[in-house]
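Down below is the structure, laid out as structure tokens.
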Amino acid sequence: MGIFTETAVTIIKNIPAGKVMTYGQIAKLAGSPRGARQVVRILHSMSKKHNLPWHRVINSKGQIGFQDDELFHVQKLSLQSEGVEFIDESYINLEQYQFHPEESSVYKIR
């Protein structure tokens, strides 16, 4: 696993319940500001193996990105079970629910 992938996996593992991060935010923190699609691939290929809380990762608009109806509902129900409220069918208030580990005094990623 490369440094970007390892860092992205660590970031994703540390998103607390009831919070979300965006693909681009994770990519930037992992060292590749334009690597949002790479974060999508990491989630797709490594979520089960590394037990990643994939449901806590959304797009930059604060929206669930899945077009697949079943995955959309699994993600939405998972977030709601952690206390995340939706503005409408698929949008989350990022100001309220977005996790910013770079501002957290609990840990530093690097």
Side-chain angles (χ1 to χ4, degrees):
M1 212 180 336
I3 292 171
F4 175 82
T5 301
E6 279 184 44
T7 306
V9 166
T10 299
I11 292 165
I12 296 163
K13 281 184 177 182
N14 286 288
I15 303 170
K19 292 291 184 181
V20 296
M21 290 182 75
T22 68
Y23 299 103
Q25 178 188 12
I26 293 165
K28 184 177 178 182
L29 286 171
S32 182
R34 302 186 82 195
R37 289 178 193 252
Q38 197 171 345
V39 173
V40 172
R41 284 191 289 277
I42 290 167
L43 285 168
H44 179 75
S45 64
M46 298 184 174
S47 284
K48 284 185 182 173
K49 179 180 178 183
H50 294 281
N51 199 24
L52 300 177
W54 62 270
H55 63 281
R56 297 180 188 145
V57 183
I58 60 174
N59 70 27
S60 61
K61 297 174 188 169
Q63 185 179 32
I64 291 176
F66 284 113
Q67 300 303 315
D68 178 85
D69 208 40
E70 185 178 346
L71 290 172
F72 173 91
H73 287 293
V74 168
Q75 184 171 13
K76 184 173 183 176
L77 289 172
S78 296
L79 289 168
Q80 286 175 323
S81 74
E82 295 180 353
V84 175
E85 295 178 10
F86 283 73
I87 297 168
D88 63 16
E89 183 62 24
S90 62
Y91 285 92
I92 295 165
N93 181 343
L94 284 176
E95 284 185 27
Q96 184 175 359
Y97 294 107
Q98 189 170 18
F99 179 57
H100 296 279
E102 66 274 23
E103 297 171 4
S104 174
S105 60
V106 177
Y107 76 97
K108 290 288 182 190
I109 292 166
R110 293 187 180 185

Legend entry - Sub-4.5 Å side-chain heavy-atom contact between His44 and Trp54: no

Inset, instruction - May I ask you to test the Ile58-Gln75 pair for a side-chain heavy-atom distance under 4.5 Å? - result: yes

Legend entry - Cluster check Leu79, Leu71: I/L/V/M/F/W/Y, side chain < 4.5 angstrom: yes

Legend entry - Atom pair CD (Glu89) and CD (Gln63), whose distance is rounded to the nearest 0.5 Å: 10.0 Å

Legend entry - Full working for side chain to side chain contact (heavy atoms under 4.5 Å, CB included) between Thr5 and Gln38: CA-CA 8 Å; Thr5 301; Gln38 197 171 345; 4.3 Å; yes

Inset, instruction - Any chance you could measure Arg34, atom CZ, to Lys28, atom NZ, to the nearest 0.5 Å? - result: 13.0 Å

Inset, instruction - Please round to the nearest 0.5 Å and tell me the distance separating atom NZ of Lys19 and atom CG of Leu94. - result: 10.5 Å

Inset, instruction - Hey, could you give me the NE2/CG distance between His55 and Leu43, rounded to the nearest 0.5 Å? - result: 11.5 Å

Inset, instruction - Working to the nearest 0.5 Å, report the span between CD1 of Ile15 and CD1 of Ile26. - result: 4.5 Å

Inset, instruction - For residues Ala27 and Gly35, report the shortest heavy-atom separation together with the two atoms involved. - result: CB-C, 3.4 Å

Inset, instruction - Please say which of Thr7, Asn14, Val9 ends up in a side chain to side chain contact (heavy atoms under 4.5 Å, CB included) with Ile11. - result: Thr7

Inset, instruction - Report yes or no: does Gln25 contribute a side-chain atom to a donor-acceptor pair with the main-chain N or O of Val20 at less than 3.5 Å? - result: no

Inset, instruction - Say whether, by atom type as modelled, one donor and one acceptor occur between the side chain of Glu85 and the main chain of Asn93 under 3.5 angstrom. - result: no

Inset, instruction - Please answer: with hydrophobic residues joined when any side-chain heavy atoms are less than 4.5 Å apart, are Met1 and Ile12 in the same cluster? - result: yes

Inset, instruction - Heavy atoms only: give me the nearest Leu29-Pro101 pair and the separation to one decimal. - result: CD1-CG, 3.6 Å

Inset, instruction - Provide the closest heavy-atom pair for Ser32 versus Phe4 in the form atom of the first, atom of the second, distance. - result: CB-CE1, 3.4 Å

Legend entry - Minimum heavy-atom distance between Gly18 and Tyr97, given as atom pair plus value: O-CD2, 3.4 Å

Legend entry - Spacing of His73 atom NE2 and Phe66 atom CZ [to the nearest 0.5 Å]: 12.5 Å

